[in-house]
Every structure is written in C-alpha cells, then in structure tokens.
Amino acid sequence: MIARLNSPDYDRWAAQIHRTGGCRQPIHLRGKVDHYDRATGQLLHRYTTRTEPEGVLRVPCKTRRASRCPSCAEVYRADTYHLIRAGLIGGKGVPNTVTSHPTLFVTLTAPSFGTVHAHREQGGKALPCHPRRDAETCPHGRVMSCTTKHNADDARLGEPLCPDCYDHTGSVLFNALAPLLWKRFADSLRRHLAKRGVLALKDLRHHLTVSFAKVAEYQRRGVVHFHAVIRLDGPGGPTESPPTWATADTLTQAVRHAARVVSALVPAIDDQPARLFKWGTQLDIRPITVDGDLTEQAVAGYVAKYATKAAECVGTLDRRINPLDNLDAFNLRDHARRLITECLRLGAIDDLADLRLTQWAHMLGFRGHFSTRSRHYGPTLGDLRAAREHHARDHDVTTGRLPLFDDDTVLVISEWTYAGKGHSAGDLLLVAALTRNSPGAAHER
Ligand SMILES: [Zn+2]
Ligand SMILES: [Zn+2]
Ligand SMILES: [Zn+2]
C-alpha cells in the first residue's frame, strides 16, 4: 500500500481503478492502439499501455457473480433490472403500450428429492421445520421429524433430514435436464396457444410472439428452479398488440397445461432404472400489472437479484472441479459435497456423457444460462453495454486518450495481449477505500 501511495504514477493508477468501478479482479491488458489516416497512411495518434502503471491497462472483469466481484456483479444486476423493467413498462426502445400486453410472472419448481430442513413462518413467527408426531424411522435409523424453528439464515436449511435417503442422483439429473425441460415447456406453450387461436403451429408467428425473460435460482437444497416473465406480443414483438383471443386467461391456461405435460427421460443405466423428470407440482402464476399486487418494479428487482447469484450460494464452489481434486480440501458442507460427488460419478458413465456432469459438477449439474431473454423481449445486455462504451469513448476523447476523428477516414489498428488479472493484497485495500460507496460508479449511464 505504501509503495503504491508513494509511486509517481499513483494518480494514473487511481484513475484506472475508478474507471473499473472498483473491480476486484480486473483483467490486465498490454498493448497499443494506432490511428492512421486512411488516405495518406500517416500515423495520427498512438495510445500505448507502456506509459500506464506497470505498463498495463486494467479493465473490469464484468462477471455477474457477486461472490467473485461485487462491483461488476452490481453493474450486471442494475443492467438486468433495467432490461426486465423495459420489457414490462417500456423504455430503452420498447413502446409503453407494452403494458397492455398479457404478462405473467411464472415460477417453475423442481420436484422433491427428499425431505429437507426448511424455514417456515406464519405472520412473522417461525414455525417448526417438519414436525411429525408419529414420524417414521428411515432405514438408516433416523426419525423423519424436525421440530426446530430454524432461523432464515440457519446453515442446515436445505439439508436433508436423512442424507442417506436423499435422492442425490435425481437432484443432479434434474439440474442437468432443466434446460431441456424449459425448452419443451416453451414449445408446448406455443403449441397450446396455436390451438387456442385455431392456427397451425408454423403460422403462429404470423399472429403472435411469446416473449420470455427468465432467471434460474438455486434453492437451498441445490436444485434450480426458474422464474420467468412471459408476455404475449403481436408478430413484430413488443411494438404490436397480440390478437384479441390471446388474453391473460388464455396464457395462464397454456402455462398451466405446458408445465403439467412436459417431461424429459433419462434412460436406464447400469444399476439404475429409467427416470422421467417433470416440473414440481408447485407452480406459481401471477399477472404483472402496474398497479396490482405484483408490480413491474418488484419483478424486475427479483429477477435482477437472482441473476447475480449462482450455485455458490448453496455452499458449493464458484469454479470448475477437476475429478482428481481432493474434495475434502474445499471444506464443503456435506450436502454440497454429496451432490458434487454424484455429478462426478455420473459424469464418468458413457451413456450420460451428453449431460457433461463432470464439467458442471461445481454447478451441481446445471449447465444452462442463468438469465436469458428471447429475441423480442426488449433491449439486450449488449445494447446497454454498447451505449455505456459509447459514453466511455466520448469521455476518452475529452480526456485526450483517443483523438476525435471521423471514423470513415481513420484506420484503427489495435493490439492487445492478456497480461494477468487481479490486484495485490495492498492494492485491494486501496481499491476498497477508493471505491467504497460507489459500486459500479464508473459505469453510470
Ligand atoms: Zn469485476
Ligand atoms: Zn429442520
Ligand atoms: Zn435414511
């Protein structure tokens, strides 16, 4: 810290840190950008990192994971919030007439793989977890009852009452199949809507677009479930109204039907019978309205919050696991360790190779995207980032880093190489002090 504070290029370093918004693990780039006049070949301007502190430019890691970099995750969260909200009330290129389109907030859950400790409450009072007066004793000699009133932050939440009875195999296979189950759900939804409109499926898109924005959430027990905004648009997307027959009621019925009927099969392997996976019976469907129970702000906030969380919130690791790693060294909780072990075991079975369970063991089998939107939902993360980079570029021009030339007449040749990542321990403390109250401050839009 002292060396950094006393170094002659401290101000330039601090400026880089502000520009990364306090990123905890910035990427270091070494290189140069040359601007040539297209007509004459004359070098107009050169930016090189040679004059930067340590000869590198630090750029934000842009992770969405709060466990890796809180400030970049905060930028991602805020972006997601604005994207979801624009799809609900308009803005950022979406007309505000979109508020009249039927829109639901749907939660698709995973089925049960065994009884787990749970936080229950009624009227703000904690209730016993799983009280059973005549509880059975399981084959492992454990009484299947728990009268503890768990706090919301109890470390045992989500852990099985009997780890030996719990279906770890089912849990990780469900996670692995969840993206397929979602795809089948979306297909079934479209088929059902086509039927309601007395249309052939292939003609549906000339009348109606089903727009989605969804986010995966890990429950404490280590299975994913999905929260989705589902909106009906006209054929051109949010700018056009859906046909009059496509009401919120029609959509509700179609969602209920699709959630019930779709399934995904894992064929019999080795010692195990074939398994058919379906969504859990807990299905939540709520209309999103500007003035009702469930507002667009609440939904956007909810989706954005989950977009920055991942499996590490249930006690696993936030990076890949090598099958040769000694799992004991990671200090995992028993439930997460068993789920990871099951991924590694199933991952070694040839018939299940497509599920890539070894590569996704740290995600407890889930290899899908955390937050996705269909093409017509609204603006994309790329749109927002491009707008911000444009803003940042204008800023660069004013501070003299990039010359202000007409793009058509200038040839830009850039050369970048990766030169490392992160901060020293001393720098990390300075970064925290410099950017404490301004997560993502450099990314204002
Ligand atoms: Zn970062
Ligand atoms: Zn309990
Ligand atoms: Zn048992």
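All figures in this text were calculated on a predicted structure; none of them were measured in a lab. One-based numbering, in listed order, for ligands and for the atoms of each.
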Compare all side-chain heavy atoms of [X] with those of [Y] and state whether any distance is below 4.5 angstrom.
| X | Y | answer |
| --- | --- | --- |
| L346 | L355 | no |
| R46 | K32 | yes |
| L283 | T107 | no |
| W416 | L57 | yes |
| V229 | Y377 | yes |

Contact list for residues 133-168, test ring pair (Phe, Tyr, Trp, His ring centres under 6.0 Å), sequence neighbours left out: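 Output for this query lists H117-H150, Y166-H168, Y166-H335, H168-H335.
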Distance below 2.8 Å from the Zn ion (ligand 1): protein N/O/S atoms: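 N, O, S partners closer than 2.8 Å: C23 SG, C61 SG, C69 SG, C72 SG.
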Distance filter under 2.8 Å, centred on the Zn ion (ligand 2) - protein N, O or S atoms that pass it: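 The answer, once waters are left aside, is H117 ND1, C129 SG, C146 SG, H150 NE2.
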Would you say the side-chain atoms of S263 and K278 include a donor-acceptor pair closer than 3.5 Å?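 No, K278 and S263 have no side-chain donor paired with an acceptor closer than 3.5 Å.
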Can R4 and E54 be said to form a salt bridge (Lys or Arg N to Asp or Glu O under 4.0 Å), step by step? CA-CA 11 Å; R4 175 67 72 193; E54 284 89 40; 3.1 Å; yes
Excluding waters, how many protein N/O/S atoms sit closer than 2.8 Å to the Zn ion (ligand 3)?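 Protein N, O or S neighbours of the Zn ion (ligand 3) under 2.8 Å, waters not counted, come to 4.
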What's the shortest heavy-atom distance between H423 and C23, and which atoms? NE2-O, 3.2 Å
If I compare all heavy atoms of L157 with all of N151, which pair ends up nearest, and what's the gap?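 Looks like CD1-O, 3.5 Å.
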NE2 of H119 to CZ of R220: how many Å apart, nearest 0.5 Å?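 Rounded to the nearest 0.5 Å, the NE2-CZ separation comes to 10.5 Å.
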Going by the angle between their ring planes, with limits at 30° and 60°, are H227 and H225 parallel, tilted or perpendicular?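 Taking H225 first and then H227, their aromatic rings stand perpendicular (interplane angle over 60°).
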Criterion ring pair (Phe, Tyr, Trp, His ring centres under 6.0 Å) against F212, the qualifying member of F185, F105, W182: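 For F212, the ring pair (Phe, Tyr, Trp, His ring centres under 6.0 Å) check succeeds only for W182.
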